[in-house]
Protein chains: 2
Amino acid sequence: MRIGQLAQLVGVETQTIRFYEQQGLLPPPDRQDNGYRVYTEKHGEGLAFIRRCRILGLSLAEIHELQSYQDDPHQPCTAVNALLDDHISHVRSQITALQALEKQLVSLRASCNDDREVEACGVLAGISEGKMHQQ
Amino acid sequence: MRIGQLAQLVGVETQTIRFYEQQGLLPPPDRQDNGYRVYTEKHGEGLAFIRRCRILGLSLAEIHELQSYQDDPHQPCTAVNALLDDHISHVRSQITALQALEKQLVSLRASCNDDREVEACGVLAGISEGKMHQQ
DNA sequence: TTTAAACTATAAAGCTACTATAAGGTCAAT
DNA sequence: ATTGACCTTATAGTAGCTTTATAGTTTAAA
């Protein structure tokens, strides 16, 4: 399988595949005589794994860590679960922060109707004066 | 006021101030004979405005836009409010996406207790097989 | 007075996870 | 022979800074 086919199969761009190879996330495939990369099914699975991790919001570093666990399958899997727990709490704190932010933005927005001049705009005034209703 | 004092006053690093100047968000201040930047209160207000916008999650481009409105104070402020409305809906969709993600992560995490080997880890298996409970 | 600490300056690279662009080689079909 | 689709590498751009390197200036202590 050449890079274009693999890319289409998994739904990424060819550059992304080369990028993952360069970052050490995907093993360097064999090459044809002309230098073209030749991929196996294994590569397909590896790439799909990376993409699923990315969809779950894991960083490339975290994916790398997971791969190192996969390479040593008789360890206890506590580290895997710890990584996921960390990621979950990270996502949760992001949600909390964004919810607080939304509140601030909505209250700021409520300080102006649209029928003013910029000079008297409640939103701009609110930001300028630091009346951002901080907790 | 020199750059270090301004930085301490507003709570940013000196490099950040130079960066904003370079990006056209902060007007270039006068210089002493030795080349040191000299800031006025106006700069302090400008910088504080930028930081408050950043805390609200606005991009530098959006801040630039707001500044252009400030420079033309007799326009109607509908554009200001539209910018904020856009940003609010952006934040809301981020929240929604993260909440869906959290659900996925939690259900994935529930597929493994810690008392296994990596080989049998429910989390890794879940990612590998694509059983990510997608909606 | 010398010297060291603390401050300032510029320029350039590093960070994340790609995406895009440039300049070129390969291959199948026309 | 040439077009078009594919492949190669290398390099730059994205956001918003942070870090590093290198060097000049001021200030306070020894």
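Letters go in sequence order (proteins before strands), and every chain restarts at 1.
- Residue order along DNA chain D, read from the 5' end via each residue's closest nucleotide, puts B:Leu58 first among B:Leu58 and B:Asn34.
- Both B:Tyr36 and A:Arg51 lie close to DNA chain C; mapped to their nearest nucleotides by heavy-atom distance, the more 5′-ward contact belongs to B:Tyr36.
- Across C:dA17, C:dT19, C:dT8, the shortest atom-to-atom separation from the side chain of B:Thr14 is found for C:dT8.
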**Q.** Verdict with reasoning, B:Tyr20 to B:Arg54, per side-chain hydrogen bond (donor to acceptor under 3.5 Å, both in side chains)
**A.** CA-CA 12 Å; B:Tyr20 288 153; B:Arg54 292 293 299 132; 4.5 Å; no

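- If you take CG of A:Leu6 and C1' of D:dC6, they are 15 Å apart, rounded to a whole angstrom.
- The nucleotide whose nearest atom lies closest to any side-chain atom of B:Gln15 is, among C:dC27, D:dG16, D:dT18, D:dT18.
- Nearest nucleotide to the side chain of B:Thr16, out of D:dT18, C:dT21, C:dC7: D:dT18.
- The distance between atom CZ of A:Arg37 and atom C1' of C:dT26, rounded to the nearest whole Å, is 15 Å.
- Listed nucleotides: D:dC6, C:dT19, D:dT26. Nearest to the side chain of A:Arg2: D:dC6.
- Salt-bridge check for B:Arg92 with B:Asp86: failed, with every basic side-chain N at 4.0 Å or more from each acidic carboxylate O.
- Using a 4.5 Å cut-off on side-chain heavy atoms (C-beta onward), B:Phe19 and B:Gln15 make no contact.
- Between the C1' atom of C:dT26 and the CD1 atom of A:Ile3 lies a distance of 15 Å, rounded to the nearest Å.
- Rounded to whole Å, atom P of C:dC18 lies 8 Å from atom CD1 of A:Ile63.
- Note on B:Arg18: a base of the nucleic acid sits closer than 4.0 angstrom, heavy atoms only.
- Across the protein-nucleic acid pair, B:Leu26 atom CG and D:dG16 atom P stand 16 Å apart, rounded to whole Å.
- Nucleotides of DNA chain C nearest to B:Gly35 and A:Gln32 differ in position, and the one nearer the 5' end is that of B:Gly35.
- Protein atom CZ of B:Arg31 is 10 Å distant from nucleotide atom C1' of C:dT8, rounded to whole Å.
- Side-chain atoms of B:Thr14 and B:Leu6, non-hydrogen and from C-beta on, never get closer than 4.5 Å to each other.
- Rounded to a whole Å, the CD atom of A:Gln23 is 9 Å from the P atom of C:dA17.
- Under the 4.5 Å side-chain criterion, counting only non-hydrogen atoms from C-beta, A:Leu124 is not in contact with B:Cys77.
- For the pair B:His64 NE2 and D:dA15 C1', the interatomic distance rounds to 16 Å; values are reported in whole Å.
- Of the side-chain N and O atoms in A:Tyr20, none sit less than 4.0 angstrom from OP1 or OP2 of C:dA17.
- Distances were taken from every side-chain heavy atom of A:Phe19 (C-beta onward) to each of C:dA9, C:dC18, D:dT26; the shortest belongs to C:dC18.
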